[in-house]
Amino acid sequence: MGVEFGAVLKEWRQVRRVSQLDLGLSAGVSSRHISFLETGRSRPSRGMVLRLCDELEVPFAQRNRMLSAAGMSPAYAERDLSEADMAPMRAAMEWTLKRHEPYPAMAIDRHWRLVAMNAVSAHLLAGFEVQVGDSLIDMMVDSKGVRQVLVNYEEILRHMIARLRVESAHFGHDPVLEDGIARMEQRLGEAVLEVDGIKPAIIPAVYEFGGMQLSFFSTISQFGSAEDIALSELRIEMMFPADEATRLALEALAGA
């Protein structure tokens, strides 16, 4: 068991690009002890496994993997939002989505699958045949409709690739996210990024529907102090109008 744990520990230390010395200093142990843990000469306590996970910022699901590799029971569960003890969090998510109207908002998981969305999002995404449970990565890559109406498609795709890289690195190079990155890069092809002058404060996504343009920027919210795997990975993305014309159009849509 110790050797197996050591392999997982070394894997995450290398993912985070941390030396044995640096990890030992931050965790309050010697680099020699880290080396012994990685080679299996020493076995960790449960507290030490979790301490090392804290220092390496290991996601909860992978912390369970490290505990299992050390011969210990998992510390984190992955509950469904429909479970009774998740009712307060589910209510908070639904409240946030609803109160954000007349602007679009949605909840997505770590793989960018739709968990929930408000009525405005459902209306805007209806033309792309996207429903709860579907992947927004698939939508961006495969939907011809998105490419036709998203005016700055290539620009937004580049921003998504950058964001996916950060998220994938956090999860230890998640295969689903890595596949999404590769597919998006393939979709971009040889498109050249033109850099000229200082960039604006934010790059909005600009959609054109029947001659009318809607321009959005977004913010992301997450649950604080989450100790559940699924809850820690859930994000609520709220879109805001990037110009006055979009704000008026959305308010008119809500009134109708």
Side-chain angles (χ1 to χ4, degrees), residues 1 4-18 23 26-27 37 44-97 105-118 121 130-139 160 163-181 218-238:
M1 285 292 182
E4 188 178 350
F5 168 78
V8 180
L9 174 61
K10 183 177 181 179
E11 173 189 330
W12 273 99
R13 183 175 60 77
Q14 292 176 336
V15 165
R16 296 296 185 237
R17 299 183 179 182
V18 175
L23 179 58
S26 64
L37 289 174
S45 66
R46 186 178 182 86
M48 177 55 65
V49 174
L50 295 175
R51 177 67 182 275
L52 294 172
C53 286
D54 283 340
E55 297 302 327
L56 293 171
E57 298 181 352
V58 179
F60 292 160
Q62 291 297 316
R63 294 185 186 210
N64 282 347
R65 176 189 172 211
M66 290 185 75
L67 286 166
S68 176
M72 302 170 189
S73 60
Y76 303 93
E78 185 167 9
R79 301 167 181 85
D80 191 274
L81 278 172
S82 62
E83 294 185 25
D85 60 347
M86 296 289 277
M89 284 67 77
R90 183 175 65 253
M93 178 192 71
E94 293 171 349
W95 185 94
T96 302
L97 295 176
M106 60 190 72
I108 58 177
D109 67 13
R110 66 179 280 183
H111 290 147
W112 290 55
R113 287 187 295 257
L114 267 175
V115 175
M117 56 183 164
N118 64 12
S121 292
V130 176
Q131 302 175 349
V132 169
D134 290 342
S135 165
L136 295 183
I137 294 176
D138 290 346
M139 181 191 78
M160 285 189 67
R163 182 172 156 187
L164 284 172
R165 283 175 177 154
V166 172
E167 293 175 8
S168 180
H170 170 71
F171 290 115
H173 304 298
D174 183 281
V176 173
L177 300 182
E178 290 294 323
D179 177 69
I181 292 168
S218 66
T219 64
I220 300 171
S221 299
Q222 291 181 281
F223 285 94
S225 304
E227 295 290 340
D228 176 85
I229 295 172
L231 198 63
S232 71
E233 298 172 353
L234 185 71
R235 290 158 295 159
I236 299 176
E237 189 145 358
M238 296 175 287

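Computed from a predicted model, the values in this text were never measured in an experiment.
Salt bridge present: R163 and E237 bring a charged side-chain N and a carboxylate O closer than 4.0 Å. Salt-bridge formation is detected for the pair D54/R63: a Lys NZ or Arg NE/NH1/NH2 atom is positioned less than 4.0 Å from an Asp or Glu carboxylate oxygen.
Under the 4.5 Å side-chain criterion, counting only non-hydrogen atoms from C-beta, D228 is not in contact with F60. Looking at heavy atoms from C-beta onward, S68 lies out of side-chain contact with E4 at the 4.5 angstrom threshold. The side-chain heavy atoms of M106 and I236, taken from C-beta on, include no pair separated by under 4.5 Å. Under the 4.5 Å side-chain criterion, counting only non-hydrogen atoms from C-beta, V130 is not in contact with D138. No side-chain heavy atom of E55 sits under 4.5 Å from any side-chain heavy atom of L52. Contact annotation: the side chain of L9 never approaches that of V49 to less than 4.5 Å [non-hydrogen atoms, C-beta and beyond]. Contact of the E11 side chain with the R65 side chain is registered, since non-hydrogen atoms from C-beta on lie closer than 4.5 Å. By the 4.5 Å heavy-atom criterion applied to side chains, I108 and L114 are counted as neighbours.
The main-chain N or O of I220 is never found under 3.5 Å from a side-chain atom of R235 such that the two would form a donor-acceptor pair. For N64 (side chain) and P74 (main-chain N/O), no donor-acceptor pair under 3.5 Å exists by modelled atom type. With hydrogens and angles ignored, the 3.5 Å screen pairs no side-chain donor or acceptor of R79 with any backbone N or O of A84. In this structure, the side chain of R110 does not engage the main chain of E233 through any donor-acceptor pair within 3.5 Å. Without hydrogens or angle criteria, N118 side chain to S121 main chain gives a donor-acceptor distance under 3.5 Å.
Nearest heavy-atom pair, L97 versus A116, reported as atom, atom and distance to 0.1 Å: CD1-CB, 3.7 Å. In this structure, S45 and M72 approach most closely via the heavy-atom pair C-CE, 3.6 Å. Smallest separation of non-hydrogen atoms from M89 and F223: O-CZ, 3.5 Å. In plain terms, the two heavy atoms of V15 and A169 that are nearest each other are CG1-O, 4.2 Å. Taking both residues in full, the closest heavy atoms of A105 and M238 are given as CB-CG, 3.9 Å, listed atom of the first, atom of the second, then distance. In plain terms, the two heavy atoms of R16 and P59 that are nearest each other are NH2-CD, 4.2 Å.
How far CZ of F5 is from CE of M66: 4.0 Å, rounded to the nearest 0.5 Å. Rounded to the nearest 0.5 Å, atoms CG (L177) and CZ (R165) are 12.5 Å apart. A distance of 5.5 Å separates CH2 of W112 from CD of E167, quoted to the nearest 0.5 Å. Atoms CG and NZ, from L37 and K10 in turn, are 13.5 Å apart once rounded to the nearest 0.5 Å. Note that CG of L81 is 6.0 Å distant from CG of L234, once rounded to the nearest 0.5 Å. Separating the CZ atom in R13 from the CG atom in L56 is a distance of 9.0 Å, to the nearest 0.5 Å.
For F171, there are no ring pair (Phe, Tyr, Trp, His ring centres under 6.0 Å) partners, not counting sequence neighbours.
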Determine, step by step, whether D174 and H111 satisfy the side chain to side chain contact (heavy atoms under 4.5 Å, CB included) criterion, reporting the C-alpha distance in whole Å, the side-chain angles of both residues, the deciding distance to 0.1 Å, and the verdict. CA-CA 9 Å; D174 183 281; H111 290 147; 2.9 Å; yes

The test is side chain to side chain contact (heavy atoms under 4.5 Å, CB included); show your working for D134 and M139 and say whether it passes. CA-CA 8 Å; D134 290 342; M139 181 191 78; over 6 Å; no

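Dense packing is recorded around CD of E83, with more than 12 heavy atoms of other residues, nucleotides or ligands lying under 6.0 Å away.
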